[in-house]
Amino acid sequence: MHVGFIGLGVMGRPMALRLASAGTPLLVWNRTEERAEALGAAGAEVAAGPGEVFTRARTVLLMLADEAAVDAVLGRGTPELAARVADRTIVHMGTTSPEYSRALEADVRAAGGRYVEAPVSGSRVPAEQGQLVAMLAGDEAAVAAVRPLLAPMCRETFVCGPAPGALLMKLSVNLFLITQVTGLAEAFHFAERQGLDRRLFLDVLDAGPMASGVTRMKAPKLHGRDFAVQAAALDVLKNNRLIAEAARKAGLASPLLDVCHTLFEETVAQGYGGEDMAAVLRAIETRTAEAP
């Protein structure tokens, strides 16, 4: 029986390629057909539409951009939902609000399906290398069945209890990621404008206790002003909003996140939403240029 994979964007395509390369019998679909060509070349079957994926696969992984895209693919709110999810396991791998996931799980279960949250931590390069970290939540039996399926894509998987535990864990991780990358960009800007050797600054950073996988991935991008996308600024802004909304609903303060939120809004407003999140440097540079 095939495994279905829908959504072949910046993250979805390398994730699906890892599955195909591992010999998973994969059936894929993407709204933009050209994005599926590499999967066909890697041995996956390309479906004519999402309906074919649900007809032929008992487990379907969704790596979609937002809630509207998930609803459209599942036919949520229409009789098509039951036809697509009954007796199937739906694995929601994108990042959405916890409230949305909780409601989606209820709808999938009511229609006779099984539901697993499985958001991942990591960007395009870790996805290409099979080094993502997955967080899983949902029915215990369904989670246990899905967990080994993710092995070609992930170096580690963590079970986070019932949904939306996995999405709340992902938002917590992303809060740290967003503030860390923004802090790195600001420190780089400070060092550069103080006349320091930028390469030397990054070498000192890398030798010390602040070094991490994130700094080692983003530092070369800042040094070379290489903003080719690994995690797009627009997607980071979306994540930022989700975290802020969850914090407000829980009555939690998020002061660092709120500053980052504004900076990523400025980055996107300046036209750099399609660039890597390291392009938040541009918003910081603009503030310096506009300072009295």
* Does any non-hydrogen side-chain atom of E275 lie less than 4.5 Å from one of V229? -> no

* Output yes when E245 and R241 qualify as a salt bridge under the 4.0 Å nitrogen-oxygen rule, no when they do not. => no

* Asked: Do the side chains of V116 and M11 join up, straight or via other hydrophobic residues, at under 4.5 Å, putting them in one cluster?
  -> yes

* To do: Report yes or no: do F188 and F227 belong to one cluster of Ile/Leu/Val/Met/Phe/Trp/Tyr joined by side chain heavy-atom distances under 4.5 Å?
  => yes

* Shortest non-hydrogen contact from A233 to F264? -> O-CD2, 4.0 Å

* Which value, rounded to the nearest 0.5 Å, describes the distance between L242 atom CG and L237 atom CG? -> 10.0 Å

* To do: Compare every heavy atom of A163 with every heavy atom of E105, then report the nearest pair and how far apart it is.
  => OE1-CB, 3.7 Å

* Would Y115 and S101 count as having a side-chain donor-acceptor pair, cut-off 3.5 Å? -> yes

* To do: Check whether any side-chain heavy atom of F5 lies under 4.5 Å from a side-chain heavy atom of M15, and answer yes or no.
  => yes

* In terms of side-chain geometry, is the basic nitrogen of R114 or D87 positioned less than 4.0 Å from the acidic oxygen of its partner? -> no

* Asked: Within the side chain of R282, is there an N or O that forms a donor-acceptor pair under 3.5 Å with the backbone of Y272?
  -> no

* Asked: Is there a donor-acceptor contact under 3.5 Å from the side chain of R88 to the main chain of A86?
  -> yes

* Asked: Any idea which heavy atoms bring A118 and V91 closest together, and the distance?
  -> CB-CG1, 3.7 Å

* To do: Using atom types as modelled and distance alone, determine if a side-chain donor or acceptor of T32 lies under 3.5 Å from a backbone N or O of E34.
  => no

* Asked: Any donor-acceptor pair under 3.5 Å linking the side chain of R248 with the backbone of L252?
  -> yes

* Asked: Looking only at atom types and distance, does a side-chain atom of E67 sit under 3.5 Å from a main-chain N or O of S97, one as donor and one as acceptor?
  -> yes

* E186, CD atom: more than 12 neighbouring heavy atoms under 6.0 Å -> no

* Please report the shortest heavy-atom distance between V53 and G4, naming the atom on each side. => CG1-CA, 3.6 Å

* **T179 side chain vs F176 backbone, donor-acceptor pair below 3.5 Å** => yes

* Compare every heavy atom of L136 with every heavy atom of A166, then report the nearest pair and how far apart it is. => CB-C, 3.8 Å

* Asked: What's the verdict on salt bridge (charged side-chain N to carboxylate O under 4.0 Å, His left out) for R225 and E285, showing C-alpha distance, side-chain angles and the deciding distance?
  -> CA-CA 12 Å; R225 297 190 72 83; E285 290 173 336; 2.8 Å; yes

* Drop me the distance from T286's OG1 to E266's CD, to the nearest 0.5 angstrom. => 8.0 Å

* **Stepwise side chain to side chain contact (heavy atoms under 4.5 Å, CB included) check, V3 with V60** => CA-CA 6 Å; V3 172; V60 180; over 6 Å; no

* To do: Might you point out which heavy atoms bring G9 and N30 nearest each other, and give the distance in Å?
  => N-OD1, 4.4 Å

* Determine, stepwise, if the pair K249 / E99 fulfils side chain to side chain contact (heavy atoms under 4.5 Å, CB included). => CA-CA 11 Å; K249 288 175 181 176; E99 291 78 13; 3.6 Å; yes

* To do: Can you establish whether the number of heavy atoms outside R56 located under 6.0 Å from its atom CZ is more than 12?
  => yes

* **Backbone N/O of T95 and side chain of K238: donor-acceptor pair under 3.5 Å** => yes

* Is it possible for you to say whether V181 and V259 belong to one hydrophobic cluster, with membership spreading through side-chain heavy-atom contacts below 4.5 Å? => yes

* Is it the case that one hydrophobic cluster holds both L234 and I178, taking links as side-chain heavy atoms less than 4.5 Å apart, direct or via other members? -> yes

* Distance (rounded to the nearest 0.5 Å) between L39 CG and S21 OG -> 9.0 Å

* Any side-chain heavy atom of V70 sitting closer than 4.5 Å to one from R76? -> no

* Asked: Any sub-3.5 Å donor-acceptor pair from K170's side-chain atoms to S121's backbone N or O?
  -> no

* How far apart are the C-alpha atoms of M217 and Q230, what are their side-chain angles, what is the distance that settles it, and do they pass the side chain to side chain contact (heavy atoms under 4.5 Å, CB included) test? -> CA-CA 10 Å; M217 183 172 292; Q230 292 173 339; 3.3 Å; yes

* To do: Is it possible for you to say whether L257 and M277 belong to one hydrophobic cluster, with membership spreading through side-chain heavy-atom contacts below 4.5 Å?
  => yes

* Asked: Rounded to the nearest 0.5 Å, what separation is found between the CG atom of L61 and the CG atom of L149?
  -> 5.5 Å

* Given M153 and V120, is the side chain to side chain contact (heavy atoms under 4.5 Å, CB included) satisfied, shown in steps? -> CA-CA 10 Å; M153 300 182 289; V120 294; over 6 Å; no

* Structure fact -> Value for CG (D206) from CG (L202), rounded to nearest 0.5 Å, stands at 8.5 Å

* Should we count CD of Q270 as having more than 12 external heavy atoms under 6.0 Å? -> yes

* To do: Look at the side chain of S212 and the backbone N and O of V214, then say whether any donor-acceptor pair between them is shorter than 3.5 Å.
  => yes

* To do: Ignoring hydrogens and angles, tell me if any N or O in the side chain of T215 forms a donor-acceptor pair with the backbone of A211 under 3.5 Å.
  => no

* Which distance, rounded to the nearest 0.5 Å, do you find between the CG of L8 and the CZ of R35? -> 8.0 Å

* Asked: Aromatic rings H92 and Y100: how do their planes relate, parallel, tilted or perpendicular, breaks at 30° and 60°?
  -> perpendicular

